[in-house]
Amino acid sequence: MGIVGPVNNSVSRDSDRFLAVGAVSQSDRLEIELVQRPDTPAAILIKWPPQPTVTDPAKLTATIAAIVRVLGTAQIELAARRASGKFKRRRQTHEVVLRRS
């Protein structure tokens with residue numbers, strides 16, 4: 001069972017695609033992507049590990065906290081992009097897509 005250690009949720013400024021990427025266990029990571037194509041509404045892709053994340057019951061709180069940190073980082077990054085004008089809402093409906101990578 002993986003040990004949850006320090007999480008680096010930083011996003012490379014070179015990529016407008018990723019809002020956040022971070023470890024949720026020693027072997028699993030979560031990726032949050034912003035997809036903006038000219039012909040479709042913007043979408044957020046939340047890429048979970050392909051296999052279930054296994055954690056010790058004693059480490060469940062830390063695992064959940066790591067997941068929330070990655071999601072929170074994505075939310076903050078999207079808000080920063082909106083504030084800077086890098087992301088503009090379209091009138092079309094936005095959707096969130098969850099999928100296992």
Side-chain angles (χ1 to χ4, degrees):
M1 296 190 193
I3 299 171
V4 177
V7 177
N8 177 5
N9 293 330
S10 62
V11 177
S12 167
R13 293 291 170 196
D14 298 332
S15 172
D16 287 336
R17 188 174 104 200
F18 291 100
L19 294 174
V21 176
V24 296
S25 71
Q26 205 169 33
S27 60
D28 294 334
R29 69 185 215 155
L30 189 57
E31 297 177 357
I32 316 294
E33 294 181 43
L34 172 62
V35 177
Q36 291 181 284
R37 294 187 181 119
D39 56 337
T40 62
I44 303 295
L45 301 180
I46 302 173
K47 293 185 175 180
W48 296 92
Q51 299 298 320
T53 298
V54 178
T55 188
D56 184 296
K59 295 182 176 112
L60 180 61
T61 301
T63 302
I64 291 170
I67 292 167
V68 170
R69 276 193 301 273
V70 177
L71 294 171
T73 299
Q75 175 105 23
I76 291 166
E77 177 64 20
L78 184 59
R81 290 183 189 187
R82 282 184 178 142
S84 71
K86 284 185 173 181
F87 174 76
K88 295 186 187 214
R89 288 185 187 210
R90 297 181 191 143
R91 291 185 183 261
Q92 301 158 334
T93 305
H94 298 279
E95 58 185 278
V96 175
V97 178
L98 300 175
R99 80 171 126 145
R100 293 207 178 265
S101 48

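Index from 1, following the sequence.
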**Q** Got a second to check how far K59's NZ is from Q26's CD, nearest 0.5 Å?
**A**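 Atom-to-atom, K59:NZ and Q26:CD are 9.0 Å apart.
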
**Q** Return the minimal non-hydrogen interatomic distance between A74 and A20, and the atom names on each side.
**A**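 Closest approach of A74 to A20, heavy atoms only: N-CB, 3.6 Å.
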
**Q** Return the minimal non-hydrogen interatomic distance between A23 and A66, and the atom names on each side.
**A**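 Looking at all heavy atoms of both residues, the shortest contact is O-CB, 3.7 Å.
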
**Q** Within this structure, what is the CG-CD1 distance for the pair L71 and I46, rounded to the nearest 0.5 Å?
**A**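 Rounded to the nearest 0.5 Å, the CG-CD1 separation comes to 6.0 Å.
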
**Q** To which residues is I76 joined in a hydrophobic cluster, defined by side-chain heavy-atom contacts under 4.5 Å among Ile, Leu, Val, Met, Phe, Trp and Tyr, whether direct or through other members?
**A**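 None; I76 is a cluster of one.
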
**Q** What I'd like to find out is whether the side chain of D16 reaches to under 4.5 Å of the side chain of L34, using heavy atoms alone.
**A**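 No, their side chains stay 4.5 Å or more apart.
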
**Q** In Å and rounded to the nearest 0.5 Å, what is the OG1 to CG distance from T53 to L60?
**A**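 Those atoms lie 11.0 Å apart.
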
**Q** Identify the heavy atoms of V70 and G22 that sit nearest to each other, and give their distance.
**A**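 Here V70 and G22 meet closest at CG2-CA, 3.7 Å.
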
**Q** Do F18 and I32 have side-chain heavy atoms sitting under 4.5 Å apart?
**A**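 Answer no - side chains too far apart.
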
**Q** With sequence neighbours excluded, what pairs up with V68 under the side-chain contact (heavy atoms from CB on, under 4.5 Å) test?
**A**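 Only I64 meet the side-chain contact (heavy atoms from CB on, under 4.5 Å) criterion with V68.
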
**Q** How far does NZ of K47 sit from CG of L30, to the nearest 0.5 angstrom?
**A**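 So the NZ of K47 and the CG of L30 are separated by 11.5 Å.
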
